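Reviewing the structure listed below.
Proteins get letters first, then strands, A, B, ... in listed order; numbering begins at 1 in each. Keep in mind that what you see is a predicted model, and the values were worked out from it rather than measured.
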Number of protein chains: 2
Amino acid sequence: MTSVLVVDDEPAIVRALRINLSARGYEVHTAVDGASGLAATAKHRPDVVILDLGLPDLDGTDVIAGIRGWNSAPILVLSARGHEEAKVAALDAGADDYVTKPFGMDELLARLRAAVRRAAPAEDEPTVTVADFSVDLAAKRVVRDGVPVRLTPTEWQLLEVLVRQPGRLVTGRQLLQEVWGSAYGSETHYLRVYVAQLRRKLEPDPAKPRYLLTEPGMGYRFQP
Amino acid sequence: MTSVLVVDDEPAIVRALRINLSARGYEVHTAVDGASGLAATAKHRPDVVILDLGLPDLDGTDVIAGIRGWNSAPILVLSARGHEEAKVAALDAGADDYVTKPFGMDELLARLRAAVRRAAPAEDEPTVTVADFSVDLAAKRVVRDGVPVRLTPTEWQLLEVLVRQPGRLVTGRQLLQEVWGSAYGSETHYLRVYVAQLRRKLEPDPAKPRYLLTEPGMGYRFQP
DNA sequence: GCCGCGCCGTCAAGGTTTCGTCAGTGCCTC
DNA sequence: GAGGCACTGACGAAACCTTGACGGCGCGGC
């Protein structure tokens with residue numbers, strides 16, 4: 001049985017999640033603030049954590065860092081509309097996805113399933129394959145329709161960062177720092193240019209990307 | 001370093017083997033079913049294969065046959081108690097030894113060492129052949145159109161590094177360090193000169209290389 | 001509703017780095 | 001002394017990174 005830890009200080013949300021998740025066969029634990037959330041993570045070892053960023057005691061990124069320090073369970077962040085910078089900070093700190101409050105239960109459940117599914121086959125896979133192309137991380141090779149695709153060094157690095165975290169939203173800042181270096185955290189123009197080049201080389205319809213998705217205001221996501 | 005490929009569909013066993021083998025200095029690759037096991041064998045060229053007979057997709061003997069078709073690495077079979085006829089069939093198909101599940105890690109490691117030790121004297125290097133030439137790693141000979149090609153020691157070392165990893169991209173730094181030594185990681189000019197010489201001796205059209213490919217900014221690749 | 005603003009995608013051109021090639025020098029062996 | 005090999009320098013060509021300009025789109029203010 002998949003176990004979920006819900007960390008939120010609003011009783012109504014906690015109750016709603018407990019009812020819905022239990023009804024769908026999840027084992028549910030709850031905590032009402034950051035400190036007890038960390039304690040509950042250590043105690044119950046949940047398969048996935050749903051974390052509200054607006055907790056009374058600790059900053060959301062600190063809670064994420066506290067979990068990530070020793071545990072790799074996926075973290076799904078809940079956040080009120082408008083706190084964009086908090087969401088970006090949460091993703092940079094190691095969260096896997098976010099849902100904006102107020103949220104639909106269906107959406108949250110879908111993202112929850114996706115997070116759990118992603119975590120199951122941990123990244124031990126040297127080659128990632130989707131319907132239209134495949135990426136061999138070890139050989140540094142991309143094949144599309146049986147034909148090798150030539151990527152420049154920058155294109156390859158960018159693709160590699162995204163592909164190594166399938167389904168996960170990666171912020172522009174993080175991408176820039178991993179590919180160009182820590183001094184380039186705000187040169188978002190580079191990203192637009194190179195993501196466009198990757199899409200032109202990999203996507204069936206570059207104008208309507210299917211794998212290299214843009215999350216406006218947040219970053220990019222490789223969708224397997 | 002001795003490399004081991006573990007093919008098993010039970011994550012717990014894969015994890016346990018990965019941890020124990022890595023701790024003892026083995027290089028470990030894993031696969032979760034027969035098809036990816038065969039692919040991983042071709043890709044990583046392991047020194048020994050640990051193969052579970054109860055895979056979801058292919059029959060164990062078929063996997064053994066698929067490996068034995070071109071590779072002589074020893075195969076250690078894992079099998080549940082009671083499937084005696086399956087074990088016999090596996091040994092008949094070309095497996096070298098078997099261990100009954102549940103197994104003790106010490107026993108498995110002992111059998112693994114034995115299998116590697118037995119295989120060591122019978123070490124035979126393959127010869128890589130493409131349409132226009134063939135490279136005999138053991139004899140250190142290259143033949144093109146039936147005529148032996150003379151290579152200088154440096155040319156041979158460079159070719160050997162590339163040919164031993166077919167299809168895989170090798171960075172300039174890696175090539176330089178393997179051929180010239182660790183202090184020459186940035187003398188990229190050497191590479192250009194010697195790659196050009198190899199192409200002149202091996203490629204049908206040295207100006208448009210077909211086997212010794214340049215990946216601008218990244219390195220070189222031997223394309224079989 | 002309309003407009004300005006910010007974010008994103010596209011294209012093209014410049015300057016820079018990297019690559020391929022040729023030719024030449026020095027060293028060692030025979 | 002002849003020959004083979006490793007290494008170096010120079011130069012044109014190709015590939016790449018960066019940058020700027022422009023248009024589309026969504027969103028919030030007026």
What verdict does the salt bridge (charged side-chain N to carboxylate O under 4.0 Å, His left out) test give for B/Arg199 and B/Asp205, after you've listed the backbone C-alpha separation in whole Å, the side-chain angles of each residue and the deciding distance to 0.1 Å? CA-CA 8 Å; B/Arg199 292 211 257 241; B/Asp205 180 0; over 6 Å; no
Let me know the distance between CD of B/Glu155 and C1' of D/dG4, rounded to the nearest Å. 11 Å
Reckon B/Arg150 has a side-chain N or O less than 4.0 Å from the OP1 or OP2 of D/dC5? yes
Have a look at B/Tyr220 and say if it touches a base, only the backbone sugar-phosphate, or nothing, with a 4.0 Å heavy-atom cut-off. sugar-phosphate
Look at B/Arg199 and C/dG20 and indicate whether a side-chain polar atom (N or O) is within less than 4.0 Å of OP1 or OP2. yes
Should the heavy atoms of other residues, nucleotides or ligands under 6.0 Å from CZ of B/Arg15 be counted, would the total exceed 12? no
Expressed in angstrom and rounded to an integer, what is the separation of A/Glu215 atom CD from C/dC7 atom P? 17 Å
For B/Gln197 and D/dC5, give me the distance from atom CD to atom P, rounded to whole Å. 9 Å
Short side-chain N/O contact to C/dG20 OP1/OP2 from B/Thr214, under 4.0 Å: yes
Euclidean distance, atom CG of residue B/Leu213 to atom P of C/dC19 [Å, nearest integer]: 14 Å
Is the side chain of A/Arg141 donor-acceptor paired with the backbone N or O of B/Arg168 at a distance under 3.5 Å, no angle test? no
Check whether any side-chain N or O of A/Tyr190 sits under 4.0 Å from OP1 or OP2 of D/dC17, and answer yes or no. no
Rounding to an integer number of Å, can you tell me how far A/Leu191 CG sits from D/dT18 P? 11 Å
Short side-chain N/O contact from A/Thr152 to OP1 or OP2 of D/dC17, under 4.0 Å: yes
Side-chain H-bond candidate by donor/acceptor type, A/Ser182 with A/Arg173, under 3.5 Å: no
Whole Å only: how far is the NE2 atom of B/His189 from the P atom of D/dG9? 9 Å
Taking for B/Gly217 and for B/Arg200 the nucleotide of DNA chain C with the nearest heavy atom, the one nearer the 5' end belongs to B/Gly217
For the side chain of A/Pro153, counting heavy atoms from C-beta on, which of C/dT21, C/dT10, D/dC16 is nearest? D/dC16
Using heavy atoms to find the nearest nucleotide of DNA chain D for B/Tyr184 and A/Tyr194 separately, return the residue whose nucleotide is more 5′. B/Tyr184
Ignoring backbone atoms, establish whether B/Trp180 has a side-chain N or O less than 4.0 Å from OP1 or OP2 of D/dC7. yes
CZ of B/Arg192 versus C1' of C/dC22: gap in Å, rounded? 13 Å
Starting at CH2 of B/Trp156 and ending at P of D/dC5, how long is that distance when rounded to a whole Å? 15 Å
Does the pair A/Glu203 and A/Arg210 meet the rule for a salt bridge (charged side-chain N to carboxylate O under 4.0 Å, His left out), with working shown? CA-CA 7 Å; A/Glu203 292 276 358; A/Arg210 183 173 158 192; over 6 Å; no
